[in-house]
Amino acid sequence: GLQLVLAALGSALLGSIPFSLLIARFAGGIDLRKVGSGNVGATNVARTLGWKWGTLALLCDAAKGVVPVLLFPALMTTASPGLDNERVLCGVCAILGHMFPPWLGFKGGKGVATALGVVTVLAPAGTGIACLAFIVTFALSRIVSLSSIVAALSYAIAEVVLHGSDLWGPQTWGLGAFAIAIPLLIIYRHRTNIVRLWHGQEPRLQLKKKTGE
Ligand code: NKO
């Protein structure tokens, strides 16, 4: 109904706030689209302004996933008992808002931080496994894009292994569809990174150091 449409629109609107771009602009006077990888994400903030601003960008972009999923379904009077499918809808809309913000000509981020916020609420166990996969891959490679791709794949596999056919029940099919579609979309958003990885040209993360250090 109308509540569902409003919840979806509100989630997409929150998701479309380009926190990483805004933080880079106000903290460093930098247009994130013109430096480093050109991506409006936390990694590119860390690359150009250091780990503190990168962490703030990660937290803000993740909050865009957490807040709508917790807030809008809870406000609905017509939601289904478990709220799962309503939460998935809000989470998907927040991620799509982040990836395709109207204010930036629909050229947004890759969805990793916002999806992290969403799955932290939707599926904490699968999120834990995805974070472990990220940490192990990053420790071995120092490449964020590769770590994000491995984490997204690990989330999909973990959800299928942990929940199996429960993921496709009438109340929970949204969680199953999300667990397959969102990792695929995140990986697709990394397609230019994948080309560089394939050619051995994807840079390891180099954090911006204070001048003089
Ligand atoms: O600039 O192209 P770039 O090198 O910046 O950036 C590539 C990068 C883009 O993403 C970001 C956000 C970085 C977030 C890092 C912390 C993520 C930790 C855990 C990941 C869990 C993912 C769950 C996905 C569930 C579907 O990749």
Side-chain angles (χ1 to χ4, degrees), residues 15 18-21 23-24 30-51 53-66 69 87-88 91-92 94-96 98-99 107-139 141-160 162 167 174-197 201-208:
F19 281 121
S20 291
L21 180 94
I23 287 168
I30 285 168
D31 184 344
L32 211 50
R33 294 165 296 186
K34 298 201 167 84
V35 293
S37 67
N39 186 53
V40 289
T43 303
N44 211 24
V45 175
R47 191 179 277 130
T48 49
L49 288 173
W51 69 271
W53 292 112
T55 303
L56 180 67
L58 173 61
L59 290 175
C60 291
D61 280 345
K64 302 194 304 194
V66 173
V69 168
R87 285 178 154 186
V88 169
V92 168
I95 293 166
L96 292 177
H98 174 78
M99 289 179 172
K107 292 185 210 303
K110 295 173 185 173
V112 182
T114 305
L116 172 65
V118 171
V119 295
T120 299
V121 180
L122 288 182
T127 304
I129 290 169
C131 287
L132 269 179
F134 183 97
I135 290 165
V136 170
T137 309
F138 186 75
S141 70
R142 303 275 151 188
I143 300 174
V144 180
S145 60
L146 179 66
S147 308
S148 296
I149 291 165
V150 171
L153 272 178
S154 302
Y155 177 80
I157 295 168
E159 282 298 285
V160 171
L162 288 173
L167 225 46
L175 286 171
F178 179 99
I180 305 297
I182 293 297
L184 287 177
L185 184 57
I186 289 174
I187 291 167
Y188 179 70
R189 297 289 288 173
H190 283 83
R191 63 196 181 280
T192 58
N193 302 84
I194 292 168
V195 171
R196 286 194 295 269
L197 284 164
Q201 288 163 352
E202 180 73 324
R204 295 169 203 277
L205 184 64
Q206 279 275 109
L207 294 178
K208 175 74 182 175

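Every number for a ligand or one of its atoms is a count from 1 in the order of the listing. Predicted model only: the values in this text are computed from it and were never measured.
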Which is it for N39 and L32 under the side chain to side chain contact (heavy atoms under 4.5 Å, CB included) test, yes or no, and what are the steps along the way? CA-CA 7 Å; N39 186 53; L32 211 50; over 6 Å; no

How long is the span from the CG atom in L56 to the CG atom in L49, to the nearest 0.5 Å? 10.5 Å

What verdict does the side chain to side chain contact (heavy atoms under 4.5 Å, CB included) test give for L197 and S145, after you've listed the backbone C-alpha separation in whole Å, the side-chain angles of each residue and the deciding distance to 0.1 Å? CA-CA 9 Å; L197 284 164; S145 60; 4.1 Å; yes

Which protein N or O atoms sit under 3.5 Å from any N or O of ligand 1? Give atom names and distances.
from: ligand 1; atom 1: 1 (O); to: S37; atom 2: OG; distance (Å): 2.5
from: ligand 1; atom 1: 1 (O); to: R47; atom 2: NH1; distance (Å): 2.8
from: ligand 1; atom 1: 2 (O); to: K110; atom 2: NZ; distance (Å): 2.6
from: ligand 1; atom 1: 2 (O); to: N193; atom 2: ND2; distance (Å): 3.0
from: ligand 1; atom 1: 4 (O); to: R47; atom 2: NH2; distance (Å): 2.8
from: ligand 1; atom 1: 5 (O); to: A42; atom 2: N; distance (Å): 3.4
from: ligand 1; atom 1: 5 (O); to: T43; atom 2: N; distance (Å): 3.0
from: ligand 1; atom 1: 5 (O); to: T43; atom 2: OG1; distance (Å): 2.8
from: ligand 1; atom 1: 27 (O); to: S148; atom 2: OG; distance (Å): 2.8
from: ligand 1; atom 1: 27 (O); to: H190; atom 2: NE2; distance (Å): 2.7

Check: S20/D61 side-chain N/O donor and acceptor closer than 3.5 Å: yes

Report the C-alpha distance between F178 and V119 in whole Å, list the side-chain angles of each, state the deciding distance to 0.1 Å, and finish with yes or no for side chain to side chain contact (heavy atoms under 4.5 Å, CB included). CA-CA 10 Å; F178 179 99; V119 295; 3.4 Å; yes

Residues 131-138 side chain polar contacts: donor-acceptor under 3.5 Å, at least two apart:
from: T137; atom 1: OG1; to: A133; atom 2: O; distance (Å): 2.7

